[in-house]
Amino acid sequence: MSTRLAKGGRLIDRTKTQGFSFNGKRMTGFAGDTLAAALLANDQMLVGRSFKYHRPRGIVASGAEEPNALVNLGSGSRLEPNQRTTTTELFAGLEAASQNHWPSLEFDVGVANNYVARFLPAGFYYKTFIHPRAAWKHVFEPIIRQSAGLGKAPKDRDADRYEQAYAFCDLLVVGGGIAGLQAALVAGRSGARVILLEQTAHWGGRAPVDGDVIDGKPAEAWVKDALQALGEMQNVTIRNRCKAAGVYDHGYVLADEKVADHTPGDGRPKHRLWRIRTGRIIAATGALERPLSFAGNDLPGVMLAGAVRDYTVNFAVSPGDRTVVVTNNDDAYRTAIALKEAGLEVPAIIDARASVTGALPAKARAMGIRVEAGRAVVKVKGGKRVTGVAIGLQAGEGAVLDEIGCDAVAMSGGWSPVVHLWSHCGGKLIWDEAQAHFRPDPKRPPTNHDGSAMVTVVGAANGALTAAAALADVAAQMGGEAKAEAVEEAAMEPVWIMPQGAGPALKMKMWLDYQNDVKVSDVQLAAREGYTSVEHTKRYTTLGMATDQGKLSNINGLAVLAQSLNEGIPQVGTTTFRPPYTPVTLGALAGEARDEIFQPLRRSPIHAWHEAQGAYMEPVGLWRRPYCYPKAGESHEQAVHREILNTRKAVGMLDASTLGKIIVKGPDAGRFLDMLYTNVMSTLPVGKCRYGLMCNEQGFLSDDGVVVRLTEDSWLCHTTSGGADRIHGWMEDWLQCEWWDWQVYTANVTEQYAQIAVAGPNARKVLEKLGGMDVSKEALPFMAFVEGHLGGLPARVHRISFSGELSYEIAVPASHGLALWQALIAAGAEFGVQPYGTEAMHVMRAEKGFIMIGDETDGTVIPQDLNLGWAISKKKADYLGKRGQERVYLARADRWKLAGFETLDGSVIPDGAYIPAAGHNPNGQRNTQGRVTSTYHSPTLGKGIAMGLIRGGLDRIGEVVEFTKMGGGTVQARVCDPVFYDKEGEKGNG
Amino acid sequence: MLILECPYCGVKAEETELSPGYEAHLKRFGPGSSDDEFNDYMFARKNPKGVHFERWRHAYGCGKWFLAARCTATLEVFGTYPAQSSEPPADLVAKIKAKRPDWSGYK
Amino acid sequence: MADPISALSGASYDGFASIREIGPLGMITLRAKPDAAGLAAAISAATGCAVPAARRVVINGDRAAGWMSPDEYLLVLPYDQVAAALAAIAGALAGAHHLAADVSDARAVFRVEGDKATQVLAKLMPVDFATLEPGELRRSRAAQVAAAVWAQDGGFTLVCFRSVAGYVMGLLTHSAMPGSELHA
Amino acid sequence: MKRYSVFAIAREAMSYHLGWERAWAAPQPKKEYDAIIIGAGGHGLATAYYLGKNHGIRNVAIIEKGWLGGGNTGRNTTIIRSNYLQDPSAAIYDKALKLYEDLSQDLNYNVMFSPRGLLMLAQTHHEVRGYLRTVHANTLQGVATEWISPARVKELVPIINIDGPRYPILGALYQARGGTARHDAVAWGYARACSAMGMDIIQQCEVTGVRSENGVVKGVETTKGYIGTKKLGIVVAGHSGQVADMAGFRLPIEAVALQALVSEPIKPCMDVVVMANTVHGYMSQSDKGEMVIGGGTDGFNNFTQRGSFHHIEETLRALVETFPMISRLKMLRQWGGIVDMTGDRSPIISKTPLGNCFINCGWGTGGFKAIPGSGWAMADLMARGEPGPLAADFNMWRFREGQFIDESVAAGVAH
């Protein structure tokens, strides 16, 4: 059984016990434990179920590579599925529950899949569930969906907050093992700005566990000194619990700092996502141990040899009383020795190599450990945990020579460098025959913005697996002098299948990918069926697609594939390494952007007043504008109708502050505006306003608004609410990139002004009440403006109208916007003033037949389609969009053109309705001849009115056409003039 | 996540401070041009897998448009220069040729 | 005339750094080429400052002149002196191609103060504050909106658009929450 | 070709699955073919399949630079829908959807087409009007879509945050027949069927030149030598410009990166596919339990298959806001593909200036869902030498005439 040892444990604090629960069972551990260590200490060997066959799963690793021991951590608004127990720091009150089983971890009906596993080989689902057609959706897929998935889906909103931060450095060192520490020391001493990251809470990596001696000191002491030295360097920042997740182009690195994972609810952000820009990356990311492929290598109790050592030395936890070690290399002997030193039994070391020499085996033998050379584990015995191993010849086919009772197996198939950060941006790898792993090819690095190498890999990550080799590698690549005492190790021998001649029955029990249940036989099947590209094999078998992304399985799988194809491993190649190195919480990627600060919400200076009045607001771009101001008991529709009728009969007020306002000034400003607008703006007299249209180079209408001639050499261009930034950018684009010799300056002053439209028969009275300015018809005629003071505020008042009523648009500095609004409300009270919202504005402009960008236009409409030829200058040789409009299809006579529509029954034409035409096109689709673009109930006219585009446009006035209705049927409407209200324009001009 | 140095203000701006603007040095064709000329101006894009000249605006910075020579296959940036240039500066062209002897040139 | 109201009426927050919305401040955007005749006189008339070099801000008490782009300057001055300054600029630059506009009301201005003020900004802006030089004006982004920032009086002055003042205040508050210091 | 079935699996299980044959052969190229398709992605393989099935042209080679299905076919978010606004788009995407519905049976390969329903959220009044327009258009096009209420949205997607606060959900455009399929299986299924018809799929073979005489294509130079052909189809999304260059013409295309990501797998919590275009994100849950997530494209030419990370962040901000429960899930893997963007963001299926040379490209971000329809139309074009009704509007000369097929107009994004 797995248990806590009485002595030792370099990372735990035995004076601090911490209670936690697993599947509701109360357990205790120590401060410094990982959850995995604490579970093992409580003899919780079985921790989960595999994805496909629901086989029992135990802890196999001690770090981020763990594929099995994932739990639902926490509950409610802090439930986190698929949390790795091996990287979860224990805290008091932690709640964990195992995943992917029903009804319980011990008894899981899904294990039925295990008993029919031979009928569920790789890719079985591609070959079956084909008939009958409906069965996939209704029967098979629901069953597969339900049995797939791992952790529980959270239900609640996340209780924690997240944040992000930027950091900059010359050198980013990733990995706080001895290679990373030494690299940071060397770089720090050179004066460079250095950031050093370590993903765990602890520094030093494997060296302290392995008992290495560096610069004459025990590794533990050397690490402590190194940290102190780094801490004293002003130019070095060190950060633990911070994982470099991904390397992106031009030296951009994402790192995920687990700020409060181990102290949930303390008010700090749960994670902080660092966005680091570095000149160069030093990846000292270490290496990961590989499993060996023998039958039953997935049973709980079979663990990586290095992990067994970690648990024993770091946490004083023994995975078993009797541990058999199986290996193809010398490093695993350290595990046997550590176990023995901890007072545990190692019945045998099964070494696949025919000849076992070297210092570590000698030491093991000297300790009395039985070493079996040239032998293999034929099969692991046991069910939900290991009970023993059957031994045979590695060179054989699986005949059992001996059986050894044990309760744990420590395996080592050699070590693979962690090359992820090298590979994310395209660094290439070479195959190292001697150590049987891929390591970075220094000749083909990922490159930076200037073409230089962006990543340097040092230490075990570069294939320098021992402490001595790792520090020598740092010295060779970066300088510095730290040295570790060399411990002689004999060569490892690659072992991809154990025993090498195993037959199909054994291969069906040799796991490559523990979580996804991919076995040696599955990879061989993929090869047999022609899925021979490594990407095909991966996708067909799902090898390496589990939450560990193949950290344990990829190289073993690749080797099996290469053997099956009779090719070399480097010829087969690897799959692509994609970020992140280990999964990153989505909340951290979303960062601070939640709730109030999810997106910028733009507020007009009068926004708070609208909200206080209970206005129903609608998003317009990033702005929020009042749609209407419902009174108690009023529906939105009723409110809109009231606001329209009040404006038409008395007077209304609209917050139009969001309208874009751009000043264009200079000797060439008139010429410039003549290119920008379809009509002529250079001839506009000072003091006057003119409506203008802007098109893109394709000729399609992109924006409209009123242009004001402020002075001889300056104009003020109003744009749509959503268009201000876009149009300002458009102007600058042309001025900077095409007509850079023209003398024109622009300034976007949209937010400088609050703008309020006062519209309705009583509008003038309201302004006169405020006083300070002559707003009479004579002093301020239609399409003119004056500047002065209104009610004591500096104001520019325009006589322009989007409602068709007598209307003034008043601009005042934004700081006075609320004051003006309130003054108008007060002054207007006796004249019946009421605010109106965007919807009333829309309806009123439709009653007048005014177009709206975004309603009548959709990016495919040219001004000519909207009968706006009057606003297109025929005299100008050029304007933006003119050439585009001359193209064949845009110049066709039968384009759909704007007209008005009145339903015969007074109803409202549905939004989005089309006008079908007779017959069908060659694709069998009903022909069409037009569509509605704006459709409303007009409270002014008491009936439905609409504008739309129809082939023939105004030529068809009087004709009755049919519009589609949602859900079938049509509504009849008569084509008419789109101006429904005050056709003569007497009101606006009044 | 590109970094491009704005030739106007000297800031080494990261991509999120910039807005992209696609191919540089397009010649505008207006009224009077042929259908082919206008079509090529609007749509026929170079789209090379290799050295490319393109427009960027330092939108969150000084607001200026500038031009960049960048490799679309490696994202290496050879240089940036003001938008008021009708063709790439000679020293930049020479620098690219030195780094990429196979490059067929800007035209 | 009622007093002008700044975007957030002087909202503030005390976290591990302190955040204050200040203003209203007078601001003029001045567009002119550096070689425009009368530029120095215009800037001096409005702010008493010299023409700022590229990416620099010159501070003169409650006035300042910042370089915004090769042909754009931001002039900061008391709110009630903008009209006079505009007139002075028009006089100084008469005959030279330029554009001067009052943008006092189009902006919101924050002060971020305290030993750890940099940390608040480092969470929001892709700016290497360690290399920000004295007197440097940096235009960039604060999360999702444009912002300009410079060091002043032991803290930072941050300028953004008025309509997003609430958003920026939210960002600064979130970033300055106690317990979320980036380092001691 | 041995047929796949549950019985075949049972039979093979008795012999440890040692008896399965190759899904597709690995031939050497012949000297000449009746037709060559460059590109063994979904579109290229589907083109070959329908050339054989519909037109009896089986002396066909499909030449692939890398491994079949290794381009965008294997790196998309597997969404299938046909609720397009414009007639030509709706026609070809709905043809594709109909073919998808029977594809597993047609190919004897389970492509796991799953019509689980797809909805596009409307979060502004403007978007509501745009989607209502689409429903009307779809009705006339014979494409069944409907407008559904916020309450119905919540019923279909219990994990959604219906009340905003920033962008309350005002309703959705719903296509019950939309859904997903297993992307690799589509390529593999077509490849197996093509191989069974005697066609040659030649992987690891790069085309280095196009040979022509008197303006008519004669063959292609490849890394495995010259191969003659009577007709040539170029179906190489992401590298269309490079191959078109060899054939001597230029395309209205720019290549940009499009990114996607998956979360770690969790138990089923969302059956339908949800697209939220106001905030730029879309999400579905795969049969494995992963949340499959996508967003917008980069804005610059890029052939690296790596995008810029801020797009991922923008997408996740949007989706965490829309589905607050995903906040504590984790991003398992992110990747990018190279997409062809045309001047109107719609594809090109067209004759070219070179005789007997045809091109299929420009699918932008919407290629996977079109595969069967695209292959069908392209095969028709190649077999007859003239476009049929499905392809006619997608000719490469439409830009010059200004006859755009612009899908962005209804606020829809062409994912």
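Values reported hereafter were calculated over all heavy atoms of this structure, with side chains retained and with hydrogens, waters and symmetry mates removed. Just so we're on the same page: letters track the sequence lines, and every chain starts at 1.
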Greatest number of heavy atom pairs closer than 4.5 Å to chain C - which of [options]:
options                        : value
A/H607, A/Q164, A/E596         : A/Q164
A/C169, A/A814, A/A823         : A/A814
A/S815, A/P269, A/P605         : A/S815
A/R275, A/E257, A/R239, A/R277 : A/R239

Separation between OH (C/Y167) and CG (A/L622), nearest 0.5 Å, reads 9.5 Å

Value for OH (A/Y166) from CG (C/D128), rounded to nearest 0.5 Å, stands at 13.0 Å

Checking heavy atoms, do the side chain of [X], its backbone, both or neither come under 4.5 Å from chain C?
X      : value
A/V749 : side chain
A/T658 : neither
A/Y162 : backbone
A/I597 : both

With a 4.5 angstrom heavy-atom cut-off, could you sort out which part of [X] is near chain A: side chain, backbone, both or neither?
X      : answer
C/V103 : both
C/V168 : neither
C/M125 : backbone
C/A122 : both

Strictly distance-based, threshold 3.5 Å: is any side-chain N or O of A/E751 a donor or acceptor partner for the main-chain N or O of C/R107?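 No.
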
Judged by atom type as modelled, is there a donor-acceptor pair below 3.5 Å linking the side chain of C/Q119 to the main-chain atoms of A/A165?
no

If you look at every heavy atom in [X] and [Y], which pair is closest and at what distance?
X      : Y      : answer
A/E592 : C/L171 : CG-CD2, 3.8 Å
A/P600 : C/Q144 : CD-OE1, 3.4 Å
A/R272 : C/S180 : NH2-O, 3.1 Å
C/D3   : A/H816 : C-CE1, 4.1 Å

Going by heavy atoms in the side chains, are [X] and [Y] under 4.5 Å from each other?
X      : Y      : result
A/Q752 : C/T29  : no
A/E163 : C/M177 : no
A/T746 : C/R31  : yes

Give the member of [options] that has the highest number of heavy-atom pairs under 4.5 Å with chain A.
options                       : result
C/S175, C/A101, C/A32         : C/A32
C/D71, C/V145, C/V164         : C/D71
C/R162, C/H183, C/E72, C/E181 : C/R162

task: Check step by step if ring-ring contact (aromatic ring centres under 6.0 Å, His included) holds for C/H98 and A/Y745.
output: CA-CA 7 Å; C/H98 76 284; A/Y745 285 128; 8.3 Å; no

ask   = Under 6.0 Å from the NZ atom of C/K33, do we count more than 12 heavy atoms belonging to anything else shown?
value = no

Q) With a cut-off of 6.0 Å (strictly less than), are more than 12 heavy atoms of other residues, nucleotides or ligands near CG of C/D115? A)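 Check fails, neighbour count at 12 or below.
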
Could you check C/H174 against A/R161 for side chain to side chain contact (heavy atoms under 4.5 Å, CB included), going step by step and ending with a plain yes or no? CA-CA 9 Å; C/H174 185 274; A/R161 68 190 186 92; 3.5 Å; yes

